[in-house]
There are 2 protein chains.
Amino acid sequence: MTETRLDAVKLDGTGPVYDQIRRAIRDLVVSGEWPPGTGVPPEHALMEQLGASRMTVHRALVQLAREGLIIRRRRSGTVVASPPASHAMLDILSIPEEVEQLGQAYAHDVLSRSDGRPAPEVAERFGLKRSDKVTHLVVLHRAGGKPHVLEERVIHAASVAGLAEEDFAQTPPGDWLLKHSLWSQAEHAISAVGAQGDEAVLLEIAVGEPCLLVERRTWNQDRPVTAVRLLYPGPRHRFVGRFGPYGQV
Amino acid sequence: MTETRLDAVKLDGTGPVYDQIRRAIRDLVVSGEWPPGTGVPPEHALMEQLGASRMTVHRALVQLAREGLIIRRRRSGTVVASPPASHAMLDILSIPEEVEQLGQAYAHDVLSRSDGRPAPEVAERFGLKRSDKVTHLVVLHRAGGKPHVLEERVIHAASVAGLAEEDFAQTPPGDWLLKHSLWSQAEHAISAVGAQGDEAVLLEIAVGEPCLLVERRTWNQDRPVTAVRLLYPGPRHRFVGRFGPYGQV
DNA sequence: AGTGTGTAATTGCATATGCAAATAACCGAT
DNA sequence: ATCGGTTATTTGCATATGCAATTACACACT
């Protein structure tokens, strides 16, 4: 567990004290300044450094724990949690995991890769500037040998370290990015489209066959990280979610 | 605001006291025993009745408020909240609202209705017993005069009061059910399908045109309430969601 | 080296107390 | 009746205190 600099926690004087503490620590976590595994100072230390009572510090930490940002254990202390890899319904999901949960063998092929400026029509479709340096990938994921999903991805080079050295032969780009980048916001859209000619060939389906299209764009503090277009063939794919009236169950 | 029976709050002796209180009140709310608008007893009353300190009661109530089950205001007290009508992304959404947010005029037609036992293929598709009494509806929703979504719905008669008297001319069944039924669990699945012949005619699209299919089943305490199949034509519909690594933003 | 065993660090929970903030309800003067 | 100010109720927040539960770590003993 990495040592933490206690004086990194700074209050802003607005609102209740417990919430100032909560936000201060939350910001350190989501900004990546305290990466997963970092030790959060014990309640007594925070209490002295911030001039608040232990119960007030406690309240802030309990809430952060309930939100999943930190993990607390008696005697061993509090550490920053790893962000949940997959998120219940429709989100940052690992395709290999998804396939293996179906009990099928996973494989993937990188069909093409290019590094440089984005083509105008790519930049437009993914909401990037033409001046951004990007890596553009097309990957076909297979389940049990058959095409499972076609991935077209653009990665913003400035947001990710070590991109040039990675060839994505072992790990598909989505999974690799989960480990090598930080994100704070994602947006996705789901729609139904008919397969275009080249897509249909790769997915081994007929042209015009209905496909589920998931488009996702990801940012870290307003800077784009990656944008991806996942095309799932036909009605044999469904996304399922379960919830109750007051949130997920 | 309805009066509440204080002695309805019963602790079960397992786990921390604040959590016993929290669960006790939560159960009264989600079971419908305390419907929305019901006044929750003030902290002092709960404190005396339960033999706990005010801070302990307070902790339970604060947490319930954060979860959205109750609303607390100084001096006026605490009341049971109305469940959120629409839920961020893909859930119990009101179609009229959805259309009006797009700035279009909303209308709907009840194309067919039948009350009685479900046809075998309907029962199978919606996960019902053949012996259940149901109402089966087909409704076309329009936006700006043009078909927006085709709804096929089965309502479990035993779970909803006043169903026989309602003709759904004013209010489409989804919205009506939100007000006249309780639900505790929902499951939905999204997939892409091609429009069948009769569906294509109603939606005024070509046969085989890709459509987004949302299937949702809803229960109240393990008893089915309703099941619905929403068919959205073509790629002009998208479901959009935004979130961060630690939950919705 | 291995094996208990005690100790201390750390979080978890509950209580009592006091004051602040919001505002519904009341009351009195016009 | 209407207006305006006062009061009382209820929640919100912070503190201090004490004890319980968990367990990493040091240390003694084989």
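Computed over heavy atoms, backbone and side chain alike; hydrogens, waters and symmetry mates excluded. Chain naming here is simple, since letters A, B, ... match the order of the sequence lines and numbering starts at 1 in each.
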(message) At 10 degrees resolution, what angle do the end axes of the helix from C:dA1-D:dT30 to C:dT30-D:dA1 form when each is taken over five base pairs?
(response) 0°
Mind checking salt bridge (charged side-chain N to carboxylate O under 4.0 Å, His left out) for [X] and listing every partner two or more places apart, or none if nothing turns up?
X: A:R23; value: A:D12, A:D19
X: B:E100; value: none
X: A:D132; value: none
X: A:R217; value: A:E187

(request) Could you check which of C:dA14, C:dA24, C:dG12 has an atom nearest any side-chain atom of B:T56? (result) C:dA14
(message) The side chain of A:T78 is closest to which nucleotide in this list: D:dT11, C:dT11, D:dC13?
(response) C:dT11
(request) Give a yes/no answer on whether the side chain of A:R59 brings an N or O atom under 4.0 Å of OP1 or OP2 in D:dT15. (result) no
(request) Return the set of residues passing side chain to side chain contact (heavy atoms under 4.5 Å, CB included) with A:R59 (not counting sequence neighbours), or none when no residue passes. (result) A:Y18, B:V62
(request) Can you sort out the partners of A:L182 under side chain to side chain contact (heavy atoms under 4.5 Å, CB included), two or more places apart, ordered by chain and number? (result) A:N220
Which protein N or O atoms sit under 3.5 Å from an N or O of nucleotides 17-22 of chain C?
residue	atom	partner	partner atom	Å
C:dA21	O3'	B:R74	NH1	3.4

(request) Measure the acute angle between the ring planes of B:Y232 and B:H148, then classify it against the limits of 30° and 60° as parallel, tilted or perpendicular. (result) perpendicular
(message) Among residues at least two apart in sequence or on other chains, which ones pass side chain to side chain donor-acceptor pair (under 3.5 Å) with A:R72?
(response) A:E43, A:T78
Please tabulate, for the side chains in residues 165-174 of chain B, all donor-acceptor contacts under 3.5 angstrom to protein atoms that are two or more places apart in sequence or on a different chain.
residue	atom	partner	partner atom	Å
B:E166	OE1	B:W176	NE1	3.1
B:E166	OE2	B:F168	N	3.1
B:D167	OD1	B:A169	N	3.1

Counting only pairs under 3.5 Å, give me each side-chain donor-acceptor contact of residues 24-33 of chain A, with atom names and distances, residues two or more places apart or in other chains.
residue	atom	partner	partner atom	Å
A:S31	OG	A:D27	O	2.9
A:S31	OG	A:L28	O	3.3
A:S31	OG	A:E33	N	3.2

(message) Expected output is a numbered-order residue list: members of residues 13-23 of chain B with a heavy atom under 4.0 Å from any atom of DNA chain C. What is it?
(response) B:P16, B:V17, B:Y18
